[in-house]
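Working notes, beginning with the structure itself.
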Amino acid sequence: MSETYKMFFCLMLLVSRGEAQEREAPYLIPQTVYVGDKARLVVPLGQAPVGSESIVLEQPGELPASQDLIISRIAVEHREGNVRLLIDFIAYAPGVLALPPLEIPALVSRGFLVSDLRVTITSILNGDSMILSEAVAPLPVPGTIMLIYGTAAGLVLLILLGIGLRLWGKGTLNGLEERFRRRRLIRLLKKRLRQVRKDREADTGGHDAGEVLTLVSTEFRAFLTSFTGINCRAMAAGELVDLPPLVAGEPGNDHPILSGSFLARLFRRCDTLRFSGTSITPEALLAVLDGIQQFINTLDHAEKERNRLWKNGFSRVPEPAEGTACT
């Protein structure tokens with residue numbers, strides 16, 4: 001039985017030694033080293049001799065090197081009675097690389113033999129990844145698809161809107177444009193009349209009654225020219241009798257104040273005051289201004305009534321009487 005126990009003890013001792021040797025094999029930090037990365041090779045050397053000291057080699061002249069691997073530091077470290085060899089390096093080629101011979105006299109003199117050290121270097125590119133793939137199509141910016149579809153839909157709507165306006169909206173748009181133009185002329189003349197009255201009441205105009213009457217008469221003729229499209233600037237007062245009504249209404253229901261007869265009488269009064277050779281009294285000037293004011297107020301009311309009828313069901317603004325179409 002004693003022989004059996006001895007054999008078993010020897011067998012266990014061999015197994016324990018094999019495990020110890022496996023644990024003491026060199027290893028890398030990190031475990032996977034890529035080309036160009038800094039790494040450390042740790043080589044356990046066993047128990048440290050009595051009186052041994054740590055060794056650090058960092059000078060370039062003291063460090064070995066090869067074409068594919070450069071050692072930056074070698075150190076002998078004592079830890080818990082054991083000795084470890086630390087080799088810091090950078091590899092520049094993939095595969096299994098052999099470290100250059102480590103001729104360290106201090107280690108050799110202490111009985112440590114370090115040779116045949118190898119490290120495995122991994123390449124990021126390996127196998128099929130060495131072949132460049134085709135260029136990936138550029139990714140669209142978020143929201144690009146919606147922008148494209150929205151723009152296309154907007155263009156289609158604009159085209160349809162343009163066709164619709166061309167088919168049945170042209171007359172309506174022209175009528176609206178004409179209506180706003182006439183309303184704007186009326187507002188400007190009313191504003192001008194208020195300013196003239198204000199200047200006369202404050203006596204700050206710097207003009208006598210004759211100059212004011214000439215200025216108002218000229219501006220009123222310019223208004224009639226723009227409003228009707230007929231050149232009223234060069235027409236004599238008597239010629240204004242044939243001027244068609246400025247607002248066409250129902251037959252037999254035209255405004256008498258808006259007729260050419262009213263305008264003819266008004267301009268004859270102006271001409272009489274201007275060319276009589278006598279001074280014009282403030283009362284006579286105000287009478288002319290009142291006549292123009294009455295005309296413009298009536299025209300404003302007629303335009304509003306005309307526009308109200310247009311809103312209530314006319315497909316387009318009624319055409320003015322022949323000869324009064326604006327250009």
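The structure displayed is predicted, hence computed values, not measured ones.
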**Request:** May I ask you to check whether T278 and S276 show a side-chain donor-acceptor distance below 3.5 Å?
**Result:** yes

**Request:** Find the distance between OG (S72) and CD (E58) and round it off to the nearest 0.5 Å.
**Result:** 8.5 Å

**Prompt:** Does the cation-pi check pass for R221 over F267, that is, NZ or CZ under 6.0 Å from the six-membered ring centre and within 45° of its axis?
**Reply:** yes

**Asked** Any side-chain heavy-atom pair from K190 and I186 closer than 4.5 angstrom?
**Response** yes

**Shortest non-hydrogen separation from I280 to G210 and the atoms involved** = CD1-CA, 3.6 Å

**Asked** Taking everything shown except R269 itself, do over 12 heavy atoms lie less than 6.0 Å from its CZ?
**Response** no

**Prompt:** Is F223 close to L189 at the side-chain level, that is, under 4.5 Å between some pair of heavy atoms?
**Reply:** yes

**Hphob cluster co-occupancy, V241 + I257, side-chain heavy atoms under 4.5 angstrom** = no

**Request:** State whether the side chain of E303 and the backbone N or O of D300 hold a donor-acceptor pair below 3.5 Å, judged by distance alone.
**Result:** no

**Asked** Is there a side-chain contact between V119 and L69 (heavy atoms, below 4.5 Å)?
**Response** yes

**From CG (L240) to CE (M235), nearest 0.5 Å** = 4.5 Å

**Request:** Please answer whether the main-chain N or O of V96 pairs with a side-chain N or O of T120 as donor and acceptor at a distance below 3.5 Å.
**Result:** no

**Prompt:** Would you call L41 and P26 a side-chain contact if the rule is heavy atoms closer than 4.5 Å?
**Reply:** yes

**Asked** Is the number of heavy atoms from other residues, nucleotides or ligands within 6.0 Å of CZ (R73) greater than 12?
**Response** yes

**Asked** Does the side chain of E177 come within less than 4.5 Å of R181's, by heavy atoms?
**Response** no

**Message:** Is it true that, when you exclude Y149 itself, more than 12 heavy atoms of the residues, nucleotides or ligands shown sit nearer than 6.0 Å to its OH?
**Reply:** no

**Asked** Below 4.5 Å, heavy atoms only, C-beta onward: do R118 and L99 meet side chain to side chain?
**Response** no

**Message:** Can you give me the closest heavy-atom contact between T228 and L224, atom names plus distance?
**Reply:** OG1-O, 2.7 Å

**Message:** For residues I90 and V43: do they belong to one hydrophobic cluster (side chain heavy atoms under 4.5 Å, members Ile, Leu, Val, Met, Phe, Trp, Tyr)?
**Reply:** no

**Asked** Step by step, would you call E178 with R182 a side chain to side chain contact (heavy atoms under 4.5 Å, CB included)?
**Response** CA-CA 6 Å; E178 177 64 14; R182 291 159 69 99; 3.3 Å; yes

**Asked** Can you tell me how far CD of E77 sits from CG of N82, rounded to the nearest 0.5 angstrom?
**Response** 10.5 Å

**side-chain contact (heavy atoms from CB on, under 4.5 Å) partner of F89, chosen from I121, D37, I74** = I121

**Request:** Please round to the nearest 0.5 Å and tell me the distance separating atom CZ of R192 and atom CD of Q195.
**Result:** 7.0 Å

**Asked** Is there a path of hydrophobic side-chain contacts, each under 4.5 Å between heavy atoms of I, L, V, M, F, W or Y residues, that connects L28 with V35?
**Response** yes

Distance-only donor-acceptor hits, side chain of residues 281-299, under 3.5 Å, sequence neighbours excluded:
residue	atom	partner	partner atom	Å
T281	OG1	A284	N	3.2
D290	OD1	R197	NH1	3.2
D290	OD1	R197	NH2	2.4
Q293	NE2	N297	OD1	3.1
N297	ND2	Q293	O	3.2
T298	OG1	Q294	O	2.8

**Asked** Are L263 and S259 close enough that some pair of their side-chain heavy atoms sits under 4.5 Å apart?
**Response** no

**Asked** Is it the case that one hydrophobic cluster holds both V33 and L117, taking links as side-chain heavy atoms less than 4.5 Å apart, direct or via other members?
**Response** yes

**Message:** Checking side-chain contact (heavy atoms from CB on, under 4.5 Å) between L213 and each of T218, L273, V196, which is the one that passes?
**Reply:** L273

**Asked** Which other residues belong to the hydrophobic cluster containing M146, where Ile, Leu, Val, Met, Phe, Trp and Tyr are joined when side-chain heavy atoms lie under 4.5 Å apart, directly or via other members?
**Response** none

**Prompt:** Quick one: CZ on R183 to CG on L188, what's the gap to the nearest 0.5 Å?
**Reply:** 11.0 Å

**Asked** Distance from E239 atom CD to C232 atom SG, nearest 0.5 Å?
**Response** 10.0 Å

**Asked** Is the closest side-chain heavy-atom distance between P100 and I71 below 4.5 Å?
**Response** yes

**Asked** Under a single-linkage definition using a 4.5 Å side-chain heavy-atom cutoff for Ile, Leu, Val, Met, Phe, Trp and Tyr, are V83 and L57 assigned to the same hydrophobic cluster?
**Response** yes

**Asked** What's the shortest heavy-atom distance between A237 and R268, and which atoms?
**Response** CB-CG, 3.6 Å

**Least distance between heavy atoms, P30 atom then K38 atom** = CD-O, 4.3 Å

